[in-house]
2 protein chains.
Amino acid sequence: MPTDADLANLASDLRLACMRISRRVRFESANVLAPHAFSVLARLGEQPRTPRELADIERVSAPSMTRTTTALVERGLIDRAPDPEDGRCVILSLTAQGEALLAQTRAARDGWMSSRVATLSRAERDVLREAVQILAKVAEQ
Amino acid sequence: MPTDADLANLASDLRLACMRISRRVRFESANVLAPHAFSVLARLGEQPRTPRELADIERVSAPSMTRTTTALVERGLIDRAPDPEDGRCVILSLTAQGEALLAQTRAARDGWMSSRVATLSRAERDVLREAVQILAKVAEQ
DNA sequence: TATTGTTATACTCTATAACTATA
DNA sequence: TATAGTTATAGAGTATAACAATA
């Protein structure tokens with residue numbers, strides 16, 4: 001039977017481990033785009049969205065999102081199109097160039113991580129494979 | 001025998017899982033300090049350091065670190081002291097108030113994580129306990 | 001009247017360049 | 001001459017307030 005302290009320690013250790021990995025990935029992989037801009041690109045990689053949706057997802061103000069998306073449009077990474085069903089809305093989506101940059105950035109980040117994972121034992125990798133499934137549940141709760 | 005693709009997939013899944021957890025933690029826990037300031041506080045929680053050391057660790061310029069640490073001094077969270085061995089250096093360390101804020105912020109972040117971990121099965125938590133050890137190795141490489 | 005999006009304005013964080021003090 | 005730190009200045013990102021267009 002795990003005590004409250006066991007749970008708290010695991011939670012703390014796990015949080016710190018994830019944050020350290022995340023930090024290392026961000027630092028080690030060359031970043032062409034600033035984090036907030038990359039995050040928007042990644043969201044649009046899932047599906048086209050309106051500026052309002054992006055602002056809510058990213059937890060920034062609408063004017064901030066306007067600025068970010070304007071910069072991405074100017075760089076040719078995303079497209080703006082009017083919403084045929086609601087004249088107030090704009091629909092943002094990735095350009096081919098945006099998709100390419102997204103793929104390239106992810107490859108760079110994965111590259112750093114791959115080089116680390118490759119040094120682990122088979123057993124360690126198996127543990128991490130299981131952990132990935134559990135972490136996905138945790139993040140989605 | 002794992003293929004290159006197996007390794008690459010695990011690395012990618014693991015990276016994304018850690019980044020999502022990290023992102024959720026940052027979003028869900030109320031943040032009294034901005035990320036860059038909290039990060040400096042956390043570094044000084046490990047040991048006293050000079051502004052130059054902090055700038056190198058955080059990968060920001062010396063003037064940026066001057067601004068960040070000045071704000072933390074003004075808020076009473078860190079102390080500045082001359083280095084007795086090198087007149088050019090300044091030694092920064094946490095005040096009692098800084099230590100308290102650090103502990104409080106960590107408790108809030110751990111609280112979010114704990115509530116998630118508590119819903120997992122005993123077996124899942126055991127996997128995560130092992131994963132934490134492996135992730136620590138990965139991050140330190 | 002409510003919602004989407006933009007523009008106007010100000011504040012914060014960041015960087016480079018220039019300066020002071022110490023080694 | 002090199003290094004630690006600060007100050008001066010400018011470039012981004014963010015926010016709130018005010019505005020235009022549409023529902």
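Each chain gets a letter, A, B and so on, in the order the sequences are listed, and its residues count up from 1. Here the structure is a predicted model, which is why all the values come from computation and not from measurement.
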So, the side chain of R125(A) versus the backbone of L10(B): is there a donor-acceptor pair under 3.5 Å, distance only?
-> no

Give a yes or no on whether the backbone of P35(A) and the side-chain of S39(A) come within a donor-acceptor separation of less than 3.5 Å.
-> no

Shared hydrophobic cluster, I134(B) / L16(A) (ILVMFWY, side-chain heavy atoms < 4.5 Å) = no

Nearest whole angstrom, please: distance from the [atom2] of [N] to the [atom1] of [X].
X	N	atom1	atom2	result
D83(A)	dT3(C)	CG	C1'	13 Å
E74(B)	dT12(C)	CD	P	11 Å
L54(A)	dG5(C)	CG	C1'	13 Å
M65(B)	dT14(C)	CE	P	8 Å
R88(A)	dT22(D)	CZ	P	11 Å
E85(A)	dT3(C)	CD	C1'	16 Å
L92(B)	dG5(D)	CG	C1'	11 Å
E58(B)	dA15(C)	CD	C1'	16 Å

Taking atom CZ of R116(B) and atom CG of L14(A), what is their separation to the nearest 0.5 Å?
-> 12.5 Å

On DNA chain D, more 5' by nearest nucleotide between A37(A) and A62(A) is A37(A)

Students often get this wrong, so: under 4.0 angstrom with heavy atoms, is [X] touching a base, only sugar-phosphate, or nothing?
X	answer
T50(A)	sugar-phosphate
P51(B)	sugar-phosphate
D86(B)	sugar-phosphate

OP1 or OP2 of [N] under 4.0 Å from side-chain N/O of [X]:
X	N	answer
S61(B)	dT14(C)	no
R59(A)	dG13(D)	no
R67(B)	dC11(C)	no
T66(A)	dT6(C)	yes

Any idea which of [options] is nearest the [X] side chain?
X	options	value
H36(B)	dC13(C), dA4(D), dT22(D)	dC13(C)
V90(A)	dT6(D), dG5(C), dT3(C)	dG5(C)
S64(B)	dT6(C), dA15(D), dT14(C)	dT14(C)
P63(A)	dT6(D), dA8(C), dG5(C)	dA8(C)

Mark yes or no for a side-chain to base donor-acceptor pair under 3.5 Å between R52(A) and dT4(C), with no hydrogen or angle criteria applied.
-> no

Do R24(B) and E140(A) sit within salt-bridge range, that is, some charged N less than 4.0 Å from a carboxylate O?
-> no

Measure from NZ or CZ of R26(B) to the centre of the six-membered ring of F38(B) and say whether it is under 6.0 Å with the direction within 45° of the ring axis.
-> no

